[in-house]
Amino acid sequence: MFMDGARWDFERAVIADSEPGIMYSTAPIVHFRPVQNYKPAPAEYSCPLYKTSVRAGTLSTTGHSTNFVLFLEVPTEQEPAYWILKGAALLCQLND
């Protein structure tokens with residue numbers, strides 16, 4: 001996975017601002033652990049994960065883009081609104 005509009009700070013284990021001149025950075029490996037009745041922490045950023053960097057797709061019957069995969073809760077030292085305004089997202093693949 002890759003990060004667009006942000007980077008992963010491996011030392012502090014939080015989402016951070018992109019390095020100057022670097023458009024995409026590598027995201028950490030994610031381990032999905034199912035939890036019943038999960039409620040996301042309000043202090044974490046609900047980072048959208050997309051299949052490609054286009055971030056557009058046709059709307060499915062659920063009302064979501066076919067390019068959208070899911071939201072990942074990522075720890076942050078900023079308010080989640082900061083990352084929403086920056087358009088930070090995770091990508092499964094980069095376009096050529």
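None of the values given here were measured: they were computed from a predicted structure.
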Original post:
Under 4.5 Å between any side-chain heavy atoms of F71 and C47, yes or no?
Top reply: no
Original post:
Are Y50 and L70 connected in the hydrophobic side-chain network, where two residues link if heavy atoms are under 4.5 Å apart?
Top reply: no
Subject >> Note, L49 side chain near M1 side chain (heavy atom, < 4.5 Å) >> reply: yes
Original post:
Hey, does the side chain of R7 reach the backbone of S25 with a donor-acceptor pair shorter than 3.5 angstrom?
Top reply: no
**OP:** Kindly indicate whether the side chain of D17, heavy atoms from C-beta on, has any atom under 4.5 Å from the side chain of Y82.
**Re:** yes
**OP:** State, to 0.1 Å, how close A43 and P80 come at their nearest heavy-atom pair, and which atoms those are.
**Re:** O-CG, 3.9 Å
**OP:** Mind checking the CZ-OG1 spacing from F10 to T26? Nearest 0.5 Å is all I need.
**Re:** 6.5 Å
Original post:
Which value, rounded to the nearest 0.5 Å, describes the distance between S18 atom OG and M23 atom CE?
Top reply: 10.0 Å
**OP:** Name the orientation class of the two ring planes belonging to W83 and Y45 (parallel below 30°, tilted from 30 to 60°, perpendicular beyond 60°).
**Re:** tilted
Original post:
Is it the case that more than 12 heavy atoms not belonging to Q93 sit under 6.0 Å from its CD atom?
Top reply: yes
Subject >> Nearest-0.5 Å distance, CD of residue E73 to NZ of residue K39 >> reply: 13.0 Å
**OP:** State, to 0.1 Å, how close P75 and A13 come at their nearest heavy-atom pair, and which atoms those are.
**Re:** CG-O, 3.4 Å
**OP:** Kindly give the heavy-atom pair with the smallest separation between A88 and P48, and that separation in Å.
**Re:** O-CD, 3.7 Å
Original post:
With hydrophobic residues grouped by side-chain heavy-atom distances under 4.5 Å, do V35 and V30 end up in a single group?
Top reply: no
Original post:
Does any N or O in the side chain of K51 come within less than 3.5 Å of the main-chain N or O of T66, such that one atom is a donor and the other an acceptor?
Top reply: yes
**OP:** Quick one: pull up CD in E79 and CG in L85 and give me the separation to the nearest 0.5 Å.
**Re:** 11.5 Å
Original post:
Do L90 and L72 have side-chain heavy atoms sitting under 4.5 Å apart?
Top reply: yes
Subject >> I22 CD1 to M3 CE distance, which is reported to the nearest 0.5 Å >> reply: 13.5 Å
Original post:
Under 4.5 Å between any side-chain heavy atoms of I15 and E77, yes or no?
Top reply: no
Original post:
Distance-only, no hydrogens or angles: does the Y24 side chain make a donor-acceptor pair with backbone N or O of L91 under 3.5 Å?
Top reply: no
**OP:** Check the hydrophobic clustering (I, L, V, M, F, W, Y; side-chain heavy atoms under 4.5 Å; chains of links allowed) and say if V14 and I84 are grouped together.
**Re:** no
